[in-house]
Amino acid sequence: MFHYTLRRLMFAVPTLFVISFIIFALLDLAPNDPTGNLPLTIPPEVREQIRMSLGLGEPFHIRYLKWLQQFFIAEPLNFIEQAFGIEIGNSAERVRIRSWATRSPVVDLIVERMPQTLWVVGMSYVVGILIALPVGIISAYRQYSWFDQIGTFVSMVGFSVPTFFTGVVLIVVFSVYLGWFPSIYDTTHRVTGWDSFWVQVRQMILPVMVLALYNAAQLSRFVRASMLDNLNQDYVRTARAKGMKERVVLLVHVLRNSLIPVVTVIALGIPTIFSGAIITEQIFRVNGLGQLLIIAIQGADIPLVQTLTFIFAVLIILCNLIADILYGILDPRIRYD
Amino acid sequence: MIDQVSVAPEKVIPPAPGSPVAAEPRKQSTLTADVWRQFRQHKGGVMGAIVFLTIIFLVVFGPYIHGVDPSALNVRERNAGISLAHPMGTDNLGRDTFAQILAGGRTSLSVGVTAMLLSLFVGTTIGVLAGYFKKLEGPLMRLTDLFLALPLLPLLLVIIMLFRDTLRRSFGPETGIFMLIVFVIGITSWMQTARIVRGAVLSVKEQEFVLAAKSIGTRERRIITRHILPNVLSPIMVSATLGIATAIITESALSFLGLGFPSDFPTWGRLLFDGVNFMQINPSRVIWPGLAISLTVLSVNYIGDGIRDALDPRIRGR
């Protein structure tokens, strides 16, 4: 297992560096001038000084290495310092990645936005899994029954209809016509008691449902296929022949084995859901990471975009790694290839 | 997928092997005919094909039948409901929604098809090369893994933001953005195709007819084009249909985030994006474009499902 994990890591780390280079180079080599939006009355010398102060005076490779140093050394150290209230080295002079638009450290902006995204995305993923599991199990157990037929159709519709359309339709139906839920997510809302908790639940229902339905549609098909693979195996017949109750056969023997690939798919899906959240956050005006990215892109705030995109990349690679390792733990056959 | 169990319509009693009379009543069945017969049994696939062809027909010939200029303003009839003159109503400037949907469909579908062709070309080339040449397999598959690990939606947004103005200047607003979007979608969606094609090539490569072709001195290029490619056509076709669906969704998502086509150049995603602000006054402005996207993608996905089942020899044999 150790060797297997090590092998996976050996691939993940270089990938991470290559991707960081791609992201940095792409944004850096693009025809774009950070002083382009400033008034034309600013003389060229001052313009050049502004460019220098933004750190654009140095050659490409130096800036890339500095960015890496900031991202992998300076920012984690700051994070540890803040979390434990200690000081490591000379933290006042440590250079941080700063946003061009707000001049505040990029990581602080991200930390500010993180909880909203995590709440909405995390909840929707959990709800999606909770819907997908029973639907997938019943569909597989009663293959070609009316439940399965309807389930197949609904999940086909579920992942064909883009989230920006489901979101808008839900708003039209539930907040414009019925008026049950608010259409805008209020992030300044604080939960203090049962009343405000209820308000929080009500404003979360729509964005969470949009993402949850989309996830459930994909996952339930996967659970179904995986259950079907296992239902015809010999060990199922053996379990039945031993006189096991049908419930035990299905929910213990078959389900456990079918969940092996499902678990990895769930891990692999986490990054996709974050990029799905970009769109959902835009519809419901949740000021999370996705919205921050859109604002940064529209404002050509290169350091913020670089860092956010790279964080998405780190997330993907991390989830791939977790999926690989989980698969190795759950299915010993995988380790020896 | 649903009705594989149903009995084949013209089930002839299988003749005893080797009997001379047997070959007579049944026509020589080709692969295409077999696949077509199987596809017709897939209800979802047939429905999908009908819906998709209808949409294409409407989008291509619709503007000649419903001859309203999609950008013609008519402020007196703004936010009108459904009527004979305006089958889908009008928007806040009195533009005819149906005409806009038809015009938008042309762009959305052509972006979808062109981007699919590009990604298919890249994916097939990489897949065939990686499957056929042992030396290239390692690097090309690492490249595929690398692309799979990229955060695609953020990168797409970034690329469009950065290169939009340059391309607009050199190719004009419409062509420039069209090329950019097609290129960007095509270049970021070839990975699944490459993986599937490589797998198929690896298994076809080991078969005897390839060995036979090699032994009579056929050149590598000819082996690939004449012997390998036709035999891996089925996975390519499936990923082609699914590719159209993803490309259409990606294009609408980009337009929806305000980073796609400019608003005087309607696509379905752009119409939806413009309609969101008027959602409370005139919900039909978001329903129609959304419905168009969803219906197209759904029908394409069903076609893909049908083709996959029809090309699967394990199912077709029944």
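If you're wondering where the values come from, they're calculated on a predicted model, not measured in any experiment. Numbered from 1 within each chain, the chains take letters A, B, ... in sequence-line order.
Checked for salt-bridge contact, B/Asp145 and B/Arg195 meet the test: a charged N lies under 4.0 Å from a carboxylate O. Between B/Asp274 and B/Arg285 there is no salt bridge, since none of the side-chain N atoms of the basic residue sits less than 4.0 Å from a carboxylate O of the acidic one.
Your options are B/Leu291, B/Val276, B/Leu259, and the one with the most heavy-atom pairs under 4.5 Å with chain A is B/Leu291. Per-residue counts of heavy-atom pairs under 4.5 Å with chain B were compared for A/Ile311, A/Ile22, A/Ile279, A/Ile317; the largest is that of A/Ile279. Residue with the most contacts toward chain B among A/Ile297, A/Ile294, A/Val172, A/Val161: A/Ile297 (heavy-atom pairs, distance under 4.5 Å).
Only the side chain of B/Leu272 comes within contact range of chain A, with at least one heavy atom under 4.5 Å from a heavy atom of that chain. Within the 4.5 angstrom heavy-atom criterion, atoms from both the backbone and the side chain of A/Val168 approach chain B. Using a 4.5 Å cut-off between heavy atoms, A/Phe153 touches chain B through backbone and side chain atoms alike. Residue B/Ala245 does not touch chain A at all, counting heavy-atom pairs closer than 4.5 Å. If you measure heavy-atom distances from A/Leu293 to chain B, the contacts under 4.5 Å come from the side chain alone. Heavy atoms closer than 4.5 Å to chain A are found in both the backbone and the side chain of B/Ile249. With a 4.5 angstrom heavy-atom cutoff, B/Ser252 touches chain A via backbone and side-chain atoms both. Of the two parts of A/Leu308, neither the backbone nor the side chain holds a non-hydrogen atom closer than 4.5 Å to a non-hydrogen atom of chain B. Heavy atoms of B/Val286 lying under 4.5 Å from chain A belong to its backbone as well as its side chain. Contact annotation for A/Val305: only side-chain heavy atoms (C-beta onward) come within less than 4.5 Å of a heavy atom of chain B. With a threshold of 4.5 angstrom between heavy atoms, B/Leu148 approaches chain A through N, CA, C or O but not through any side-chain atom. A/Leu16 does not touch chain B: none of its heavy atoms, backbone or side chain, sits under 4.5 Å away.
Using bins of under 30°, 30° to 60° and over 60° for the plane-to-plane angle, the ring pair A/Phe24/A/Trp67 lands in the tilted bin.
Donor-acceptor pairing under 3.5 Å is lacking for the side chains of A/Gln143 and A/Ser139. A side-chain donor from one of A/Thr117 and A/Glu281 sits under 3.5 Å from a side-chain acceptor of the other. Side chains of B/Gln192 and B/Ser239: no donor on one and acceptor on the other come within 3.5 Å. Between the side chains of A/Thr152 and A/Arg221, a donor-acceptor pair is found at a separation under 3.5 Å. Side-chain atoms of A/Ser124 and A/Tyr214 form no donor-acceptor pair, as typed in the model, at a separation below 3.5 Å.
A donor-acceptor pair under 3.5 Å is formed between the side chain of A/Tyr4 and the backbone N or O of A/Asp324.
By the 6.0 Å and 45° rule, A/Arg8 does not stack over the aromatic ring of A/Tyr327.
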